[in-house]
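Keep in mind that the numbers below use all heavy atoms, side chains included, and drop hydrogens, waters and symmetry copies. If you read the sequence from its start, that first residue is 1, and numbering goes on from there.
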Amino acid sequence: MAVLPVLSVLVIPATGIRLLPADGTKEDPSSVTVGSGDLKTLRRSVVITDCAAVPREPQPVSFTYSTWMGSGSAEVTWDSWELTGPEARLPVAWQRGLAGKVCNDAVSPDWP
């Protein structure tokens with residue numbers, strides 16, 4: 001069975017938001033190893049450091065990986081959120097949707 005260590009470094013190249021580093025525990029590993037045909041999830045926490053500075057365009061998350069064939073880096077961009085209004089739905093970049101929710105809750109937890 002081939003073993004694939006994946007996701008050693010995660011980066012969001014944007015202002016106003018940053019990924020917190022892993023603490024290296026079993027609950028928060030800094031990397032995962034995936035066996036052939038297996039699926040694993042790696043979770044990370046983000047901090048909104050400046051609500052107004054979070055980019056409005058979708059931002060990729062970069063990561064590095066290593067396989068028996070070599071190593072490299074790649075990017076993934078999460079799907080957009082949707083805001084629903086009285087007449088339409090509008091796509092919102094994932095990090096703007098998150099920042100809007102977090103920043104509104106910080107000002108007023110009763111924000112709709």
Side-chain angles (χ1 to χ4, degrees):
M1 168 164 68
V3 175
L4 174 67
V6 179
L7 301 177
S8 355
V9 177
L10 294 169
V11 177
I12 298 176
T15 57
I17 187 170
R18 71 180 172 90
L19 283 167
L20 294 177
D23 66 14
T25 64
K26 184 176 180 179
E27 293 78 29
D28 189 22
S30 57
S31 65
V32 294
T33 300
V34 183
S36 178
D38 290 344
L39 180 67
K40 294 250 180 144
T41 300
L42 185 64
R43 298 179 192 273
R44 286 290 174 270
S45 298
V46 297
V47 174
I48 306 297
T49 58
D50 183 342
C51 294
V54 174
R56 299 194 183 285
E57 295 298 317
Q59 297 297 303
V61 176
S62 303
F63 61 93
T64 60
Y65 62 89
S66 177
T67 73
W68 60 273
M69 294 175 43
S71 60
S73 62
E75 290 183 342
V76 64
T77 302
W78 291 312
D79 291 337
S80 295
W81 292 26
E82 285 190 352
L83 293 179
T84 303
E87 298 184 22
R89 288 190 213 187
L90 298 171
V92 176
W94 70 268
Q95 75 280 352
R96 281 303 311 169
L98 177 63
K101 171 80 173 112
V102 169
C103 296
N104 289 340
D105 284 353
V107 172
S108 172
D110 298 327
W111 192 268

Pairs touching residues 67-102 that satisfy disulfide bond (SG atoms under 2.5 Å apart), sequence neighbours left out:
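Pairs touching residues 67-102 that pass the test: none.
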Which atom of [X] lies closest to which atom of [Y], heavy atoms considered:
{"X": "G97", "Y": "V92", "result": "N-CG1, 3.6 Å"}
{"X": "A22", "Y": "P29", "result": "CB-O, 3.4 Å"}
{"X": "P91", "Y": "S80", "result": "CB-CB, 4.2 Å"}

Positive for side-chain contact (heavy atoms from CB on, under 4.5 Å) with I17, one of T49, I48, D50:
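That would be I48; it is the only one of T49, I48, D50 passing the side-chain contact (heavy atoms from CB on, under 4.5 Å) with I17.
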Are V76 and V46 linked, directly or through other ILVMFWY residues, by side chains that come within less than 4.5 angstrom of each other?
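Shared cluster, yes.
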Cluster check L90, W78: I/L/V/M/F/W/Y, side chain < 4.5 angstrom:
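In one cluster with L90: W78, no.
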Name all pairs fulfilling the side-chain hydrogen bond (donor to acceptor under 3.5 Å, both in side chains) condition that reach into residues 82-94, sequence neighbours left out, sorted by first residue then second.
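Sorted pair list: E82-R89.
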Is there side-chain contact between L98 and V54, with at least one heavy-atom pair below 4.5 Å?
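L98 vs V54: side chains apart.
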Is the backbone N or O of L20 less than 3.5 Å from a side-chain atom of S45, with the two atoms forming a donor-acceptor pair by type?
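It does not hold such a pair.
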Going by the rule salt bridge (Lys or Arg N to Asp or Glu O under 4.0 Å), which residues pair with E75 if we only count those two or more places apart in sequence or in a different chain?
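Not a single residue meets the salt bridge (Lys or Arg N to Asp or Glu O under 4.0 Å) criterion with E75.
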Can you list everything that forms a side-chain hydrogen bond (donor to acceptor under 3.5 Å, both in side chains) with D23? Sequence neighbours excluded, please.
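side-chain hydrogen bond (donor to acceptor under 3.5 Å, both in side chains) list for D23, sorted by chain: T25.
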Return the set of residues passing side chain to side chain contact (heavy atoms under 4.5 Å, CB included) with P21 (not counting sequence neighbours), or none when no residue passes.
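Listed in chain order: nothing, the list is empty.
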Qualifying residues under side chain to side chain contact (heavy atoms under 4.5 Å, CB included), relative to R56, sequence neighbours excluded
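Only R96 meet the side chain to side chain contact (heavy atoms under 4.5 Å, CB included) criterion with R56.
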Roughly how far, to the nearest 0.5 Å, is the CZ atom of R18 from the CZ atom of R44?
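Between atom CZ of R44 and atom CZ of R18 there are 13.5 Å.
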